[in-house]
Amino acid sequence: MAYSELYRKIYEAVARIPEGKVVTYGQIAWMAGRPRAPRVVGYAVSKAPRELNLPCHRVVNRLGEMAPFHAFDGPEFQRFLLEEEGVIFLDNGCVDMKKSQWKPES
DNA sequence: GTGATGACGTCTT
DNA sequence: CAAGACGCCATCA
């Protein structure tokens, strides 16, 4: 099996994240059809092949913290990318979810 | 097939 | 207000 349906939806949801916006694992899980499985989302993304070019740096936990810092050279790099994309960072080092959290239309 | 793990989320203490 | 524990679903060993 290449990827499960859930995996495919998760990858698609992450790929749909517009620049300058971030989403929480819970939102992706909700989009994938498993609102109670944010863990699976993180797992799927962690196993996501780079061939998909998934912007995991746009995926953060509900606090706006950078959970996926493991996937990049370092948290600095991720924060830099997000800032360049237009994501607002608070002084506490978290993303301004109030403005930068992506709201899926459908 | 069973047990343990995991890039989270929410409740309770 | 902050920290700890439990629960959720899917995958790995």
Side-chain angles (χ1 to χ4, degrees):
Chain A
M1 69 180 185
Y3 301 111
S4 300
E5 195 75 13
L6 181 59
Y7 266 53
R8 192 165 66 184
K9 288 184 178 181
I10 292 170
Y11 296 147
E12 184 181 355
V14 176
R16 285 174 64 187
I17 304 172
E19 297 180 1
K21 296 285 182 178
V22 295
V23 270
T24 67
Y25 292 95
Q27 289 247 248
I28 296 173
W30 179 73
M31 287 187 253
R34 294 298 184 285
R36 307 298 165 181
R39 311 187 80 96
V40 182
V41 176
Y43 217 88
V45 177
S46 68
K47 298 296 183 183
R50 299 185 178 189
E51 286 72 49
L52 297 176
N53 191 20
L54 290 177
C56 3
H57 58 271
R58 294 183 193 149
V59 184
V60 296
N61 58 22
R62 85 170 191 82
L63 300 176
E65 288 183 336
M66 295 172 286
F69 70 91
H70 291 291
F72 298 92
D73 294 337
E76 288 181 31
F77 185 63
Q78 181 180 6
R79 187 164 73 186
F80 176 76
L81 289 175
L82 293 173
E83 287 181 333
E84 289 296 295
E85 291 182 357
V87 176
I88 308 301
F89 273 81
L90 300 178
D91 189 41
N92 60 338
C94 296
V95 177
D96 187 351
M97 304 301 286
K98 189 176 181 181
K99 293 182 179 179
S100 299
Q101 184 172 29
W102 181 45
K103 299 165 185 173
E105 297 178 2
S106 76

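The sequence lines fix the lettering, A, B, ..., with proteins before strands; numbering per chain opens at 1.
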Query raised in the report: For residues 81-90 of chain A, which residue pairs qualify under side-chain hydrogen bond (donor to acceptor under 3.5 Å, both in side chains), counting only residues two or more places apart or in two chains?
Result: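 side-chain hydrogen bond (donor to acceptor under 3.5 Å, both in side chains) check on residues 81-90 of chain A returns H57(A)-E85(A), R58(A)-E85(A).
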Query raised in the report: Would you say R34(A) reaches dC8(C)'s phosphate, i.e. side-chain N/O to OP1/OP2 under 4.0 Å?
Result: no
**Report entry** Short side-chain N/O contact from S4(A) to OP1 or OP2 of dT11(C), under 4.0 Å
**Finding:**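 So the side-chain polar atoms of S4(A) do come within 4.0 Å of the phosphate oxygens OP1 or OP2 of dT11(C), strictly under.
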From [atom1] of [X] over to [atom2] of [N], roughly how many Å is that when rounded to an integer?
{"X": "R8(A)", "N": "dA10(C)", "atom1": "CZ", "atom2": "C1'", "result": "17 Å"}
{"X": "R62(A)", "N": "dC8(B)", "atom1": "CZ", "atom2": "P", "result": "13 Å"}
{"X": "N61(A)", "N": "dC8(B)", "atom1": "CG", "atom2": "P", "result": "7 Å"}
{"X": "M31(A)", "N": "dG9(B)", "atom1": "CE", "atom2": "P", "result": "12 Å"}
{"X": "I10(A)", "N": "dC8(B)", "atom1": "CD1", "atom2": "C1'", "result": "12 Å"}
{"X": "W30(A)", "N": "dT10(B)", "atom1": "CH2", "atom2": "P", "result": "14 Å"}
{"X": "M97(A)", "N": "dC8(B)", "atom1": "CE", "atom2": "P", "result": "14 Å"}

List for me each residue that meets side-chain contact (heavy atoms from CB on, under 4.5 Å) alongside [X], sequence neighbours excluded, and say none if there are none.
{"X": "A29(A)", "answer": "V41(A)"}
{"X": "R62(A)", "answer": "T24(A)"}
{"X": "P35(A)", "answer": "W30(A)"}

Report task. Could I get the full list of ring pair (Phe, Tyr, Trp, His ring centres under 6.0 Å) partners for Y7(A), not counting sequence neighbours? Result -> Y11(A)
**Report entry** Residues that E5(A) engages under salt bridge (charged side-chain N to carboxylate O under 4.0 Å, His left out), provided they are two or more places apart
**Finding:** R8(A)
**Report entry** side chain to side chain contact (heavy atoms under 4.5 Å, CB included) partner of V59(A), chosen from V22(A), L54(A), I10(A), I17(A)
**Finding:**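 Of all the options given, the one that passes is I17(A).
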Tabulate below the donor-acceptor pairs under 3.5 Å that side-chain atoms of residues 89-96 of chain A make, not counting sequence neighbours, or state none.
from: N92(A); atom 1: OD1; to: C94(A); atom 2: N; distance (Å): 3.2
from: D96(A); atom 1: OD1; to: K98(A); atom 2: N; distance (Å): 3.1

Query raised in the report: Got a sec? Which of residues 35-43 of chain A come in under 4.0 Å of DNA chain C, heavy atoms?
Result: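 Within this stretch, R36(A), A37(A), R39(A), V40(A), Y43(A) sit under 4.0 Å of the strand.
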**Report entry** Between CD on residue E12(A) and CE on residue M31(A), distance to nearest 0.5 Å
**Finding:**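 Between atom CD of E12(A) and atom CE of M31(A) there are 10.0 Å.
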Is there any protein nitrogen or oxygen under 3.5 Å from a nitrogen or oxygen in nucleotides 11-13 of chain B, and what are the pairs?
none

